Amino acid sequence: MASTSKIEIKKDALENNIRFVESLLEPETRLSAVIKGNAYGHGVNVIIPAFESLGIDHFHVYSSAEAKAAFPHKSKKSTLVIMGFVYQHDYAWIIENNVEFYISHIHILQMAIEAAQKCNKKARIHLNLETGMNRDGISVRNLKKVAKLINENKDHVTVIGTTTHFAGAESIANHTRVRKQFSTYKKRIKQLYSLGINPGIKNVASSAATINYPETRLDMVRVGILLYGYWPSRETFIHYIHRRKDKSDPLRRAIMWYTEVNLIKKVPEGEFIGYGMSFQAQHNMITMLAPVGYCNGYSRSLSNNGRVIVGGQLAPVIGTVNMNMIICDITNIENVKFGDQVVLIGKQDENEISFASFADMNNSLNYEILARLPENIDRTICEEVEET
Ligand SMILES: *Cc1c(COP(=O)(O)O)cnc(C)c1O
């Protein structure tokens, strides 16, 4: 299905964000890029080659399905790690292709060992430890059994790394819980050594922990949202900026999502616009139709609420977001013509429609909207360098 809108990814923004994260890290700490959710909606097909050309050679996805989608776009030298769900029938493909994966439960370890025996090749695993999030992860009561299984199956599994995930490092409200998790993690690492297991790469920090808890950066950080140019929370941004002289945002949004003006219409005062009665013209109006709706990733929550940029100015969405289109108010914008560019996310002239990773900032929409951008939208990389 061809799409009615396009996405452009700005490579110099990605480069800026990667260099920013790298600037926080000690030289021995590696940076892995999290590219789950189709690279946070940006598209693994463009993000992986772009990240690789900017020096990244390590990627994290969520599932075996995402690993299969990402795999053809990566170079042989790059490592791909699955953090979560694996279809049982995918283990053979994963092991054959040296894809690494988290072991979050002893049953998963057993399945992995069986699959590796069948493939006659070692499974490359990361031990995901339960430290207090109580979502996934190997619980302490199974640690001995896990170590025993690994030690008995050294021909079938190699421990590449040991990880855990914090339950909300983006908010100071969770400070005590996160600190406790980190100290539990360190305790478990010692236990692993004493059980004869080398924990390998120690990797626990997401974007928020990388910023807020520098001591958790360890051997590797796995960073998603920052690389795309967004902060994990407003708090994290404030925490970072608070200690700096330069208060400007060091990140740059990389995505630009746009479509074009489909048609323009005059609507007299008093008329209702679109379905039902959610919007009534309070004066004579000029409206513009853009061919994106909720089936194209333009969330219905933006009804009477979202804004687009057309003719270099912000135009409010009026009425409800339809399945395939939105209606926008361009009464006060001059010279808008059929076929003009309509920016849904990104910049045009001085204006920017930006999506935050969180929903509480003025003029920003939820990060969920990014992650839900449909896969069928054409995505291209833009190599041009923008002046800042
Ligand atoms: C999504 C995710 C990350 C990356 O989170 P960001 O906030 O985008 O940096 C890291 N670890 C796990 C387990 C995740 O699910």
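Quick caveat, the model's predicted, so the values are computed rather than measured. We count ligands from 1, going down the list as the structure has it; atoms in each ligand are counted the same way. All values below were derived from every heavy atom in this structure, side-chain atoms included, with hydrogens, water molecules and symmetry-related copies excluded.
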Whether the S207 and T210 side chains hold a donor-acceptor pair (N or O, under 3.5 Å, no angle test) is what I'd like checked.
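No, no side-chain donor-acceptor contact under 3.5 Å.
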Would you say the ring centroid of [X] lies under 6.0 angstrom from that of [Y]?
X: F71; Y: F59; result: no
X: H42; Y: Y40; result: no
X: Y91; Y: F101; result: yes

Give a yes or no on whether a salt bridge exists between E152 and K148, defined as a side-chain N under 4.0 angstrom from a carboxylate O.
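Counted as a salt bridge, because a side-chain N and a carboxylate O are separated by less than 4.0 Å.
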Would you mind checking if D219 and R30 are paired as a salt bridge, meaning a charged N to carboxylate O distance below 4.0 Å?
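Looking at R30 and D219, the cut-off is not met.
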Measure from every N or O atom of ligand 1 to the protein's N or O atoms and keep only the pairs below 3.5 Å, writing each with atom names and distance to 0.1 Å.
from, atom 1, to, atom 2, distance (Å)
ligand 1, 8 (O), Y40, OH, 2.5
ligand 1, 8 (O), I225, N, 2.8
ligand 1, 9 (O), S207, N, 2.9
ligand 1, 9 (O), S207, OG, 2.5
ligand 1, 9 (O), G224, N, 2.8
ligand 1, 11 (N), H165, ND1, 3.4
ligand 1, 11 (N), R222, NE, 2.7
ligand 1, 15 (O), K36, NZ, 2.7

